[in-house]
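Counting begins at 1 with the first residue of the sequence. This is a predicted model, so every value here is computed, not measured.
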Amino acid sequence: MDAFTSDEDPVLDVRASIARSYHMLDPESASLFRALSAWPGAMFAASDAANMAAQPEQQVRQTLPRLIHAHLISEVGPGRYSWNRLVAAFAAEQADLNGSETPNHALRS
């Protein structure tokens with residue numbers, strides 16, 4: 001992520017842009033966002049997100065639209081989501097900074 005940081009032009013600072021979206025999330029959505037960093041790919045299902053967050057799928061399905069609204073993930077089909085690798089890298093940074101409260105944090109490598 002450091003390569004996408006700009007001290008001269010905040011408009012070009014990708015990390016700051018993602019951080020603004022992240023910091024606007026409620027605690028439940030932020031926790032799910034960090035938990036998703038354990039997923040190894042760019043596409044995932046709602047059930048995958050529920051497994052990463054160790055939460056009931058129905059609860060996660062109610063939270064995922066908040067991540068879409070924050071432009072952190074995209075819905076690519078019913079119950080199917082994707083995210084940019086830079087957003088995933090930011091989520092991993094946040095999981096590391098927060099000591100990841102999710103049980104699946106160790107899955108990331």
Would you compute the distance between atom [atom1] of [X] and atom [atom2] of [Y] and round it to the nearest 0.5 angstrom?
X: Ser47; Y: Met52; atom1: OG; atom2: CE; answer: 10.0 Å
X: Ile73; Y: Arg80; atom1: CD1; atom2: CZ; answer: 12.0 Å
X: Ser31; Y: Gln55; atom1: OG; atom2: CD; answer: 6.0 Å

> Residues in salt bridge (Lys or Arg N to Asp or Glu O under 4.0 Å) with Arg61, at least two apart?
Replying inline: Glu57

> Step by step, would you call Leu72 with Asn84 a side-chain contact (heavy atoms from CB on, under 4.5 Å)?
Replying inline: CA-CA 8 Å; Leu72 295 170; Asn84 182 284; over 6 Å; no

> Run the side-chain contact (heavy atoms from CB on, under 4.5 Å) check on Leu32 and Leu64 step by step: do they pass?
Replying inline: CA-CA 8 Å; Leu32 176 59; Leu64 287 167; 3.9 Å; yes

>> So, using side chain to side chain donor-acceptor pair (under 3.5 Å) as the criterion, who are the partners of Thr63 when residues are at least two apart?
In response: Glu28

> By the rule that ILVMFWY residues connect when side-chain heavy atoms come within less than 4.5 angstrom, directly or transitively, which residues belong alongside Val76?
Replying inline: Met43

>> I want to check something: taking the side chain as every heavy atom from C-beta on, are Asp48 and Leu36 in contact at a cut-off of under 4.5 Å?
In response: no

> Okay, side chain of Ser29, backbone of Leu67: is any donor-acceptor separation there less than 3.5 Å?
Replying inline: no

> Are Asn51 and Trp39 close enough, and set up right, to give a side-chain contact (heavy atoms from CB on, under 4.5 Å), and what steps lead you there?
Replying inline: CA-CA 10 Å; Asn51 287 335; Trp39 187 250; over 6 Å; no

Please give me the minimum heavy-atom distance between [X] and [Y], naming the atom from each residue.
X: Gln62; Y: Arg66; result: O-NH2, 3.7 Å
X: Val60; Y: Ala50; result: CG2-CA, 3.7 Å
X: Ala53; Y: Ala35; result: CA-CB, 3.7 Å

> In terms of side-chain heavy atoms, does Tyr22 have a donor or acceptor partner in Arg34 at a distance below 3.5 Å?
Replying inline: yes

> With sequence neighbours excluded, what pairs up with Ala19 under the side-chain contact (heavy atoms from CB on, under 4.5 Å) test?
Replying inline: His23, Phe90

>> Using the rule that Ile, Leu, Val, Met, Phe, Trp and Tyr join whenever any side-chain heavy atoms are under 4.5 Å apart, tell me whether Leu86 and Ile68 fall into a single cluster.
In response: yes

> Does Tyr81 have any ring pair (Phe, Tyr, Trp, His ring centres under 6.0 Å) partners at least two apart in sequence or in another chain, and if so, which?
Replying inline: Phe44

